[in-house]
J.: 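This is the structure I want to talk about, given as C-alpha cells.
Everything numeric in this text was worked out from a predicted model, so none of it was measured.
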Amino acid sequence: MTDKLSTYRGKRDPSRTPEPVPADGPLPQGNDDTFVIQEHHARRLHWDVRLERDGVLVSWAVPKGLPLDPKTNHLAVHTEDHPIEYATFSGEIPKGEYGGGKMVLWDRGHYELEKWSDREVKVVFHGARAQGRYVFFQTRGRDWMVHRMDPPPDPDWRPVPVGLRPMLPVRGELPPPGERKSWAYEMAWGGLRALVAVEGGRARVTDARGEDVSAAYPELHGLGPALGSRVALLDGELIALDRGGRPDPRLLRRRSPRDGAPERRAVAEVPVSYLAYDLLHVAGRDTTGLPYEDRRELLEGLGVGGERWDVAPSLGGAEEALAASRDLGLEGVVAKRLDSPYEPGRRSPHWRLVENRETRQVVIGGWVPDGSGERVRALLVGSPDEGGLRYAGPVRSGLAADGPELVRRLRRLSRKTSPFTDEVPVRGDVHWVRPTLAGEIASTANGTLSWRGFT
Ligand code: MN
C-alpha cells in the first residue's frame, strides 16, 4: 500500500514547523465523519477544507471559502492528504516554510457523506459555521469547484450588491441649534470616494462611478485578509496625508486611479489610506434601510482597523467638528441625520456639506456686469488699510439675491479710475466705483469668496 502521507511529510521539516508530522505507520481508524476548516493566512488567504477519509484528512484549499450562494461556485484546489492530527491544529507556520503564515481553526464538526468518487464528493456539513449540502467536483487536474446544493442558510440572505453608487450630500448650513442633536458630524475629507466590497477575504474597490479601481490602490489589498470571512460593503474615502498628517488632495491626485497599478515607488512616496464611514451590507444583509446611527454601530463593530484603513470618526458636536475640520485644513464637515437611511447614488438633504467659512468686512471698489448689463457678474472688493483700499479679490457667488438693485446702487457711484492701491488682475468690462459701499464676504478653504450682504 502506498503511504498516503508521503507527500505531506516531504513538504515539511518537523524541526521547523509546529504542524503535526506523525511517524510513518498504520493510519488511525475513525468513522470518516469529521471535518475541519482552517483559515490559512498564507501568501494568499484561503480556507483549507479537510474531510476525514480512510485514516487521513482529504484536503482542498478554497481561496474564497465555502460559498453561501448556490448560484456562485468557488474554486477548490485539491491538496495533499493531511494526517488526522491536523484536525486540531492551529498556530503560526514560520515564514519561509511550506504554507508559512497563521493557521486558524475556522470550524470543525461532523459531516454526512452522500457520495464519494475520484471526481465528485457530496457531503452535508454539520458545523457551527459550515452547514448544509455541498458538492466538490473535479474540473481539471487539481482544480475542483465547490457548489452549495442547499438554498442560502437564511431566506433573507442577500449577496453583496454590485454597481451601487455612493450617497452624496447637498451643500448647506448647519442645522438650527435646537436640531443639532439629531445629526452626526463627520469631516469633509476631500478625498476620493470609494466603496469597498469585502468578501471571501478579498477587497474590491470601486470609485464614485462604479469603476473597479482595486489595482490602483494596492495598499487596500490587505483589507480582505484582515476581515477574513467577514462580508461587508463599506463606503468611505481614499486620502493621502502630508508630512503633518493632514489630508492633502493635491498629493492624492498623484495616485490617479486612471493610471492603473502604480509603480512601487509611487506607493512608497504617496501612500493612500482608506477611511470607512458607512456600511451598506454586512454578512448577507442589506443595511441601507437602517438609520445612520445603526449602520455606524454595525460598522464600528466590524473591526475595520489597520495601518492603511480605519473607521472615520463621527462626532456629536457640530462646533467641535467644525473646529477639528479647520485644524485639519479641510473644506468643512458633513452633517448626517441620525435617523436617515442610506440612499445609494442620490444627492440627499439628509447629508449636508457645511463649509468652513471665514467672514470679513470689505468695501466695493469695482464691478463687472454680466452680458445683459443688468446684473453683477463679479464684485471687486478690498480691505481699507493705511494707504487706501487694498484689493482682496473678485466675489462671484452669493450675488443673485441683490441683482438689479445692486446694479443701480453701483451705477450711482461710478468713477473713471481704480480706487485700489494695487493692481487688479481682472480683464474685461470693469467699472470702478467710489469706495463707500461696505459689506461682508465669506471665504472658503479653497479661497472662493462669496457675498453675504451689505453692512
Ligand atoms: Mn493551506
J.: Show your working on salt bridge (Lys or Arg N to Asp or Glu O under 4.0 Å) between R254 and E269 and close with a plain yes or no.
T.: CA-CA 10 Å; R254 289 170 52 190; E269 281 175 5; 3.4 Å; yes
J.: For residues 86-110, which residue pairs pass the salt bridge (charged side-chain N to carboxylate O under 4.0 Å, His left out) check, not counting sequence neighbours?
T.: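 Checked against salt bridge (charged side-chain N to carboxylate O under 4.0 Å, His left out) - neighbours excluded - the pairs reaching residues 86-110 are R16-E97.
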J.: Please answer whether the main-chain N or O of T88 pairs with a side-chain N or O of E85 as donor and acceptor at a distance below 3.5 Å.
T.: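 It does not hold such a pair.
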J.: Please list, chain by chain and in numerical order, all residues satisfying side-chain contact (heavy atoms from CB on, under 4.5 Å) with S6, sequence neighbours excluded.
T.: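 So S6 forms a side-chain contact (heavy atoms from CB on, under 4.5 Å) with D3.
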J.: I'd like to know if R255 and E219 make a salt bridge, using a cut-off of under 4.0 Å between side-chain N and carboxylate O.
T.: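 Yes, R255 and E219 are salt-bridged.
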J.: Between E440 and R452, is there a side-chain N and carboxylate O pair less than 4.0 Å apart?
T.: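 Looking at E440 and R452, the cut-off is met.
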J.: Do you know which two heavy atoms are closest between W183 and P349, and how far apart they sit?
T.: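 For W183 versus P349, the nearest heavy atoms are CH2-O, 3.7 Å.
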J.: Answer with yes or no whether the side chains of T287 and R295 bring together a donor and an acceptor at under 3.5 Å.
T.: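 Short answer, no.
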J.: Is there a donor-acceptor contact under 3.5 Å linking the side chains of S325 and Y185?
T.: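 Checked: S325/Y185 side chains show no N/O donor-acceptor pair below 3.5 Å.
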J.: Step through it carefully: locate the ring centre of H40, locate the ring centre of H46, and say whether they are under 6.0 Å apart.
T.: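 Yes, they do, as the ring centres are separated by less than 6.0 Å.
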J.: With the side chain counted from C-beta on, respond yes when R360 and L449 share a heavy-atom pair under 4.5 Å apart, and no when they do not.
T.: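 Yes, side chains in contact.
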J.: Using the test side-chain contact (heavy atoms from CB on, under 4.5 Å), find all partners of H221 that sit at least two apart in sequence or belong to another chain.
T.: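 H221: side-chain contact (heavy atoms from CB on, under 4.5 Å) contacts with P218.
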J.: Donor-acceptor pairs are to be reported for all side-chain atoms of residues 173-180 against protein atoms at under 3.5 Å, with residues two or more places apart or in another chain.
T.:
| unit_1 | atom_1 | unit_2 | atom_2 | d |
| --- | --- | --- | --- | --- |
| E173 | OE1 | R357 | NH2 | 3.2 |
| E173 | OE2 | R357 | NH2 | 3.0 |
| R180 | NE | P175 | O | 2.7 |
| R180 | NH1 | E319 | OE2 | 3.3 |
| R180 | NH2 | P175 | O | 3.3 |

J.: Do the side chains of V424 and V430 get nearer than 4.5 Å, heavy atoms only?
T.: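 SC-SC contact between V430 and V424 ruled out.
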J.: Can D235 and Y342 be counted as having a side-chain donor-acceptor contact under 3.5 angstrom?
T.: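 Side-chain D/A pair, D235 to Y342: present.
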J.: Here's one to test your reading of the geometry: is the NZ or CZ of K336 within 45 degrees of the ring axis of Y277 and under 6.0 Å from its centre?
T.: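 K336 over Y277 ring: yes.
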J.: Would you mind checking if R230 and E199 are paired as a salt bridge, meaning a charged N to carboxylate O distance below 4.0 Å?
T.: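 Answer for the salt bridge query: no.
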J.: Name the atoms and distances for all side-chain donor-acceptor pairs under 3.5 Å in residues 143-167, with sequence neighbours left out.
T.:
| unit_1 | atom_1 | unit_2 | atom_2 | d |
| --- | --- | --- | --- | --- |
| H147 | ND1 | P70 | O | 3.4 |
| H147 | ND1 | N73 | OD1 | 2.7 |
| R148 | NE | D150 | O | 3.3 |
| R148 | NE | P151 | O | 2.9 |
| R148 | NH1 | Q131 | O | 2.9 |
| R148 | NH1 | Y134 | OH | 3.0 |
| R148 | NH2 | P151 | O | 3.0 |
| D150 | OD2 | R133 | N | 3.0 |
| D154 | OD1 | D156 | N | 2.7 |
| R165 | NE | R209 | O | 3.2 |
| R165 | NH2 | R209 | O | 3.2 |

J.: Just verifying a value: how many Å separate Y111 OH and L51 CG, rounded to the nearest 0.5 Å?
T.: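 Output value for this atom pair is 5.0 Å.
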J.: Below 4.5 Å, heavy atoms only, C-beta onward: do L220 and L238 meet side chain to side chain?
T.: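 Yes, their side chains come closer than 4.5 Å.
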J.: May I ask you to check whether W106 and Q38 show a side-chain donor-acceptor distance below 3.5 Å?
T.: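 No, because no side-chain N or O of W106 sits under 3.5 Å from a partner of the opposite role on Q38.
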J.: Please confirm whether the backbone N or O of V362 pairs with a side-chain atom of S383, one donor and one acceptor, at under 3.5 Å?
T.: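 No: the side chain of S383 does not pair with the backbone of V362.
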J.: Is D422 paired with R390 through a side-chain N to carboxylate O contact shorter than 4.0 Å?
T.: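 Not counted as a salt bridge, because no side-chain N and carboxylate O are separated by less than 4.0 Å.
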J.: Can you see whether R50 engages H82 through a side-chain donor-acceptor pair at a distance of less than 3.5 angstrom?
T.: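 A donor-acceptor contact under 3.5 Å links the two side chains.
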J.: Hey, is CD on Q361 packed in by over 12 heavy atoms from elsewhere, all under 6.0 Å?
T.: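 Enclosed.
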J.: So with a 6.0 Å cut-off around CZ of R44, is the heavy-atom count from everything else above 12?
T.: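 Counting other residues, nucleotides and ligands, CZ of R44 stays at 12 neighbours or fewer.
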J.: What I want to check is whether the side chains of H281 and D286 have a donor and an acceptor closer together than 3.5 Å.
T.: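 Checked: H281/D286 side chains show no N/O donor-acceptor pair below 3.5 Å.
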J.: For the pair R12 and E19, find out whether any cationic side-chain nitrogen is under 4.0 Å from an anionic carboxylate oxygen.
T.: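 A salt bridge is present here (some side-chain N lies under 4.0 Å from a carboxylate O).
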J.: Donor-acceptor pair, distance only, cut-off 3.5 Å: does the side chain of T34 make one with the backbone of H110?
T.: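 No, the answer is negative, given that no donor and acceptor are paired below the 3.5 Å cut-off.
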J.: Has the side chain of R258 got a donor or acceptor atom that lies under 3.5 Å from a matching backbone atom of S256?
T.: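 Checked: no pair found.
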J.: Name the orientation class of the two ring planes belonging to F89 and Y86 (parallel below 30°, tilted from 30 to 60°, perpendicular beyond 60°).
T.: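 Rings of F89 and Y86: tilted, 30 to 60°.
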J.: Please list all pairs passing the salt bridge (charged side-chain N to carboxylate O under 4.0 Å, His left out) test where one or both residues lie in residues 339-354, with sequence neighbours left out.
T.: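 Every salt bridge (charged side-chain N to carboxylate O under 4.0 Å, His left out) pair that includes a residue of residues 339-354, provided the two are not neighbours, is R337-D339, E343-R346.
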